[in-house]
Amino acid sequence: MRNLAYLAIATVLLALGGCATPATRHPLIAADLGAPSSTERMAASLSRPGVVGFERVRFAQWTGGRGGFIDRDDPRTAAIPEGFETSVIYAYVIDHPTRGRYLIDAGVSRDLQARLNPLMRKGLADMSVRVDRGLAEWLAGRGAPRAVFLTHLHFDHVGGVLDLDPAIPIYLGPGDARETHAMNGLLGYPIDAILNGRAPLREWSFAPDPDGRFAGVLDVFGDGSVWALHTPGHSPGSTAYLINTVDGPKLVVGDAVHTRLGWDEAMPQPVPDRAKPDAEQSANRLRRFAADHPTIEVFLGHQTRAGQVDR
Ligand SMILES: [Zn+2]
């Protein structure tokens with residue numbers, strides 16, 4: 001969503017100019033979870049019975065021009081007709097038998113809009129965002145999570161943390177917090193508006209994957225049940241998660257691949273030129289790993305794959 005909101009106000013920005021500022025000035029510490037591992041060990045874990053409960057939860061949606069999702073400057077997208085894509089905001093609930101409940105991404109909060117500056121609010125209004133539920137509504141009567149594992153620090157993946165106790169830690173990939181953009185300041189630092197008063201962010205400490213299949217692989221709890229994969233490109237710290245659930249392995253790819261066009265037809269997504277090689281490599285790596293292990297069910301950043309239940 002961030003790209004779309006930015007597009008909507010690009011004209012204003014061009015008129016005002018702007019200097020590059022970080023996504024957030026929030027304190028940042030190293031994660032206290034996650035043992036460096038390898039793709040080979042992660043693959044070996046797939047053959048053991050999964051122990052983690054898993055549920056995808058749908059929070060909101062918007063519809064945007066296809067050019068916000070595929071790179072119209074890349075000739076490979078020329079055959080894809082103009083049109084619109086529906087984009088859904090999801091979060092994932094994972095229940096580990098001994099470690100407890102965790103969220104992957106945070107959905108949205110109904111308290112968020114009031115904290116945003118007028119420019120950011122206008123950007124969202126232009127995108128006709130429809131909120132089906134906030135995280136507080138979903139959590140009512142359910143147990144709170146012990147932590148949130150982010151796929152990345154973009155606005156549409158983190159907003160729901162406003163509905164969580166400020167002491168609940170948030171984990172994220174390296175580089176996302178300090179990624180600079182000309183618009184962060186002009187938009188009133190929307191990520192800071194969400195994180196204000198919370199515990200420091202905890203950055204995953206990835207080490208190079210000895211197998212060279214991903215930029216980094218972490219065994220999150222050290223028991224082979226949940227894995228974090230460094231998949232930079234959409235953002236520097238983009239992180240996918242593989243969960244060995246009671247219902248088979250699930251791969252939550254985040255916005256490394258956010259649409260069916262991106263996964264099924266390998267269409268490149270619009271990212272800054274400097275991030276294009278990483279984005280393409282990360283998407284290819286995820287597709288290849290899933291193809292090598294067909295029992296894996298893949299969850300895209302903002303769309304439902306053919307045959308998947310969209311809750
Ligand atoms: Zn994103």
Side-chain angles (χ1 to χ4, degrees), residues 1-10 22-24 56 58-71 85-92 103-108 112 116 120 123-124 127 129 148-161 170-184 187 189-195 201 203-204 215 228-241 251-263 267-272 274-276 278-283 286 298-304:
M1 179 195 288
R2 189 189 70 166
N3 288 341
L4 298 178
Y6 284 177
L7 279 175
I9 61 165
T24 175
R56 180 174 66 174
R58 179 191 174 102
F59 285 92
Q61 74 170 54
W62 81 96
T63 301
R66 198 162 276 152
F69 298 92
I70 59 174
D71 181 3
E85 294 290 328
T86 295
S87 181
V88 180
I89 296 178
Y90 296 109
Y92 304 82
L103 291 181
I104 297 175
D105 288 342
V108 302
L112 180 53
L116 302 175
M120 189 70 194
L124 294 179
M127 292 161 57
V129 180
V148 178
F149 300 155
L150 292 180
T151 59
H152 62 301
L153 193 62
H154 286 173
F155 181 76
D156 49 329
H157 294 256
V158 65
V161 302
I170 299 170
Y171 294 77
L172 81 173
D176 274 11
R178 303 296 183 245
E179 185 185 20
T180 57
H181 198 288
M183 298 190 210
N184 291 323
L187 292 172
Y189 289 100
I191 301 296
D192 280 357
I194 294 167
L195 298 178
L201 293 168
E203 214 171 53
W204 295 125
L229 314 177
H230 191 198
T231 54
H234 179 81
S235 70
S238 279
T239 301
Y241 296 90
L251 181 60
V252 173
V253 302
D255 285 1
V257 185
H258 45 24
T259 62
R260 286 184 294 273
L261 283 171
W263 187 268
M267 289 295 143
Q269 58 174 275
V271 292
R274 67 177 185 280
K276 283 181 180 175
D278 273 354
E280 182 122 8
Q281 184 180 53
S282 290
L286 288 163
V298 176
F299 293 81
L300 305 178
H302 288 298
Q303 289 187 347
T304 295

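Since the structure is predicted, the reported quantities are computational estimates derived from the model, not experimental observations. When a residue number appears, it is its place in the shown sequence, counting from 1. Both counts, for ligands and for their atoms, begin at 1 and track the order of listing.
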### Considering only N, O or S atoms of His234, the one closest to the Zn ion (ligand 1)
NE2

### Message
Test of understanding: with side-chain hydrogen bond (donor to acceptor under 3.5 Å, both in side chains), list the residues that count as partners of Ser282, not counting sequence neighbours.
### Response
none

#### Entry: Donor-acceptor pair between Thr304 and Arg58 side chains, under 3.5 angstrom
no

### Query
Is a side-chain donor-acceptor pair under 3.5 Å present for His154 with Asp255?
no

### Message
Can you tell me which N/O/S atom of Asp255 has the shortest distance to the Zn ion (ligand 1)?
### Response
OD2

### Summary
Checking distances from the Zn ion (ligand 1), one finds that the N, O or S atom of His154 closest to it is ND1

### Task
Anything under 30° is parallel, anything over 60° is perpendicular, the rest tilted; go ahead and classify His258 against His302.
tilted

### Message
When you measure from the Zn ion (ligand 1) to the N, O or S atoms of His157, does any of those distances fall below 2.8 Å?
### Response
no

